[in-house]
Number of protein chains: 2
Amino acid sequence: MEILIVEDEKRIAESLKKNFISEGHHALIAENGEEALKKVDSIEFDIVLLDWRLPKLPGIEVCKRIRETGNQVPIILLTAMSELNNKIEAFSYGADDYITKPFSFEEVFARVNAVVRRVKTSRNEILFGDYTLNILTRSLIIGKEEIKLSDKEFELLRYFLLHKGEIIGKEKLSDEVWKLPFSPSSNLVEVTVKNLRKKLDAYSEHNFIRTLYGEGYIFIND
Amino acid sequence: MEILIVEDEKRIAESLKKNFISEGHHALIAENGEEALKKVDSIEFDIVLLDWRLPKLPGIEVCKRIRETGNQVPIILLTAMSELNNKIEAFSYGADDYITKPFSFEEVFARVNAVVRRVKTSRNEILFGDYTLNILTRSLIIGKEEIKLSDKEFELLRYFLLHKGEIIGKEKLSDEVWKLPFSPSSNLVEVTVKNLRKKLDAYSEHNFIRTLYGEGYIFIND
DNA sequence: AAGAATTATGAAAAATTTTTCATAAATAAT
DNA sequence: ATTATTTATGAAAAATTTTTCATAATTCTT
C-alpha cells in the first residue's frame, strides 16, 4: 500500500513510517497541510493518515480541501482525546475514520486495514485511466460510451482493480474469480484476459493488464 | 411509506403525522420508547423518526436496542440544538441521520426521502422472508443454499424489493428492468416473472410476487 | 540461434440466458 | 354459463456467454 502520513511531530511520523515499511508498505511523510495537498494531488495513495493539529492548515481543513477536488482517497484523522466532540465535524468533512492519541501501531494498522477494505469494497464506482467501472450496473463507462461486460469479464476486471499493482498468478484468479481449483490443462483465464483486453483496448492505448511471464498478471494504472 | 413517529409531544407528533398522510404515506405515533420498540418489532417501517428526549427510555437507548435486535430500519433522530455534541454518539448507536429542532416539515420530508433512498440503494443485502438477496454477488441466499439468478431475474427481483407493496405495471418493469419500451406483443415480463417465481417457490411457501389482474404485479413480504 | 515452456488467439463446442411463440389457465364482464 | 381479456407456461429459437481445443506467437534458457 501507498500511505501518506501527515504529521508535524517528526518522532510520531517516523515511527509510523518505519512500522508501515516493515510491514511491506510504502510510506511518505508530509509535515504540513500544503505539502500534504500537493502529494495527494500527484500520487495515488491507498490511505492518508491526517493529524488534526497541524502548523498552518488544520487537518480538518486539509481533509475538506482534498474532498473538494473530488479525491476519494480514504482518510483517517489522528486526534487528541480533548478534540472528541469535534468528530462529527470530521465525518461531515469526509474523513473515513479517526484514531485518538495516544495510539499503538497495532491499533493504527488494524484501522487502516479495516478502512481500506471497507472503502474499496463499498465503492460502487472504480475509476482507472479514462474508464469507470460501475459495480452496480456491472458496466464499463468511458466518456458517454457504455461497454457491456460479461459476468466473468466483470469479475476479473474488478479483481484486478481491487488488487492494482499486485502480481496475480493464474491459480489465484482461478480461485478468486472462477471459484474453481486451478487446472493447468485449461486456459480459461488466458482467454478471458484476452477478451477483456480487447474491450479495454477499443477505447484506450493504455496496457492495463500486463503479463509477467511465468508469474501471472499485473494491473497497472499509470 | 410506513413511517413511525416516536415523540411524546403530541402537538409535534400529530402535525408530522398529518403532513405525512397528506403526502400519501402511512404514519403511526409511539409516545414512548417501549411502545416504539414493540411497534418496530411487529411492523416493518420504511423509516423511524425518533425524538432524542423521551419520557422513560431516552431516544438514543431506543435506537441502540433496535439495532441490537438486528433491525436495520432507517432511523432519524430529532434533537434539540443544545444536544448538538452528542451526535457522534447517535451515529455510533446506528442512527442514519439527525434533524435539529425546530424543524420545518419540508426539512423533515427532504431528509426522510434522502435517507430512505440512500439506505435502500446502498445496502448490499436485502432481506425478505427467509431469503437474502446479495447485491454484490447477485445471488439469492436461503439458509446455506445459494440460488443462482440470471441477470434479468436478479434485476427484476431487486426492482420488486426496492418497490415492495407498490403496484407495478408491466410497462414500468419493461422500462426499468429491461430499459426497453413496452411491447404488448411480447411476454418477456411474464416469462421472467414465472421463472423467478419458480426459484422462489422452490424454498418457500410464500407467494411473494402477486398478480393484480389488469394492473400488474405487487411484491408482498408478509 | 534452437529448444522448451508459457502465453495469446481464433474458432468451435457446450452451456446458459434471453426471447419468442403457441397454447393453456385464470379472471372479469356480460 | 359464455365470452373476451389477461396472465401463465412449456418448449423452441435466437443470442450470448463460457469453456475447450488446436495452433500461433512470445519469452526464457542454454
Side-chain angles (χ1 to χ4, degrees), chain A residues 137-140 146-160 167-202 206-220, chain B residues 137-140 146-160 167-202 206-220:
Chain A
T137 63
R138 302 196 147 207
S139 62
L140 188 56
E146 180 170 349
I147 303 167
K148 268 199 182 176
L149 296 180
S150 77
D151 196 51
K152 286 290 181 292
E153 286 163 1
F154 169 80
E155 295 288 353
L156 179 63
L157 179 53
R158 176 167 60 177
Y159 190 85
F160 276 131
I167 299 173
I168 309 164
K170 282 183 288 192
E171 304 76 16
K172 190 82 185 166
L173 289 174
S174 188
D175 282 0
E176 301 285 334
V177 177
W178 276 263
K179 277 123 179 51
L180 287 174
F182 178 65
S183 152
S185 66
S186 163
N187 70 343
L188 257 181
V189 176
E190 275 115 322
V191 172
T192 311
V193 165
K194 181 201 69 171
N195 293 332
L196 179 54
R197 274 175 175 159
K198 185 149 55 175
K199 292 192 179 176
L200 293 174
D201 289 352
H206 196 106
N207 294 320
F208 292 103
I209 304 169
R210 311 288 178 84
T211 304
L212 298 181
Y213 188 92
E215 295 190 272
Y217 298 94
I218 186 169
F219 192 96
I220 294 187
Chain B
T137 64
R138 305 198 144 204
S139 62
L140 188 56
E146 180 171 348
I147 303 168
K148 267 199 182 178
L149 295 180
S150 78
D151 196 51
K152 287 291 182 289
E153 287 163 3
F154 170 81
E155 296 288 352
L156 179 62
L157 179 54
R158 176 166 61 177
Y159 190 84
F160 276 131
I167 298 174
I168 308 164
K170 284 183 288 190
E171 305 74 17
K172 190 84 184 162
L173 289 174
S174 188
D175 282 0
E176 301 285 334
V177 177
W178 276 263
K179 276 123 182 48
L180 286 175
F182 177 66
S183 153
S185 65
S186 163
N187 70 342
L188 257 180
V189 176
E190 276 116 322
V191 173
T192 310
V193 165
K194 182 202 66 171
N195 293 331
L196 179 54
R197 275 175 174 158
K198 183 149 57 174
K199 292 192 179 177
L200 293 175
D201 289 352
H206 196 107
N207 293 322
F208 292 103
I209 304 169
R210 311 285 178 83
T211 302
L212 299 181
Y213 186 92
E215 296 191 89
Y217 299 94
I218 186 169
F219 192 97
I220 293 185

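Hydrogens, waters and symmetry mates play no part in the numbers below; they use all other heavy atoms, side chains included. Every chain is numbered from 1 and lettered A, B, ... according to where its sequence line falls, protein lines coming before strand lines.
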With sugar-phosphate meaning primed atoms plus P, OP1 and OP2, does [X] contact a base, only sugar-phosphate, or nothing at under 4.0 Å between heavy atoms?
X       : answer
Y217(A) : sugar-phosphate
T192(B) : nothing
S185(B) : nothing
K152(A) : sugar-phosphate
V191(A) : base
N187(B) : base

Open item on the list: What I want to check is whether an N or O donor and acceptor connect the side chain of K198(B) with the base of dG10(D) at under 3.5 Å.
Closed with: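 A donor-acceptor contact between them is absent.
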Open item on the list: Should the side chain of N195(B) and the base of dT9(D) be counted as holding a donor-acceptor pair, with the cut-off at 3.5 Å?
Closed with: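 Flag unset: no donor-acceptor pair detected.
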Just the rounded figure in Å: distance from [atom2] of [N] to [atom1] of [X].
X       : N       : atom1 : atom2 : value
L188(B) : dT17(C) : CG    : P     : 15 Å
L196(A) : dT18(D) : CG    : P     : 12 Å
R197(A) : dT9(C)  : CZ    : P     : 7 Å
D151(A) : dT19(D) : CG    : P     : 10 Å
K194(B) : dT17(C) : NZ    : C1'   : 13 Å
E190(A) : dA24(D) : CD    : P     : 17 Å
K148(A) : dT17(C) : NZ    : C1'   : 11 Å

Output yes when at least one side-chain N/O atom of [X] is less than 4.0 Å from OP1 or OP2 of [N], else no.
X       : N       : result
Y213(B) : dA25(C) : no
S186(B) : dT19(C) : no
T211(B) : dT6(D)  : no

Task: Nucleic acid contacts of residues 169-179 of chain B, taken as heavy-atom distances under 4.0 Å to DNA chain C - done: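 Those residues are W178(B).
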Any side-chain heavy atom of [X] within less than 4.5 Å of one from [Y]?
X       : Y       : result
L173(A) : F182(A) : no
W178(A) : V189(A) : yes
E190(A) : Y217(A) : yes
V193(B) : L156(B) : yes

TODO: Give a yes or no answer on whether the side chain of H206(B) reaches the backbone of L200(B) with a donor-acceptor pair at less than 3.5 Å.
DONE: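 Judged by distance alone, no pair lies under 3.5 Å.
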Open item on the list: side chain to side chain contact (heavy atoms under 4.5 Å, CB included), that's the test. Do D151(A) and R138(A) meet it? Break it down for me.
Closed with: CA-CA 8 Å; D151(A) 196 51; R138(A) 302 196 147 207; 2.6 Å; yes
TODO: Work out how much the helix from dA1(C)-dT30(D) to dT30(C)-dA1(D) bends between its end axes, five pairs an end, to the nearest 10 degrees.
DONE: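 So the angle between the two local helix axes works out to 30°.
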Open item on the list: Under a 4.0 Å threshold between the charged nitrogen and the carboxylate oxygen, would E153(A) count as salt-bridged to K148(A)?
Closed with: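 No, this pair does not count.
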Task: NZ/NE/NH1/NH2 to OD/OE distance under 4.0 Å, R158(A) and E155(A) - done: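 Salt bridge between R158(A) and E155(A), a charged N being under 4.0 Å from a carboxylate O: yes.
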Task: Closest nucleotide among dT18(D), dT17(C), dT7(D) to the S150(B) side chain - done: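 Given the options dT18(D), dT17(C), dT7(D), the side chain of S150(B) is closest to dT17(C).
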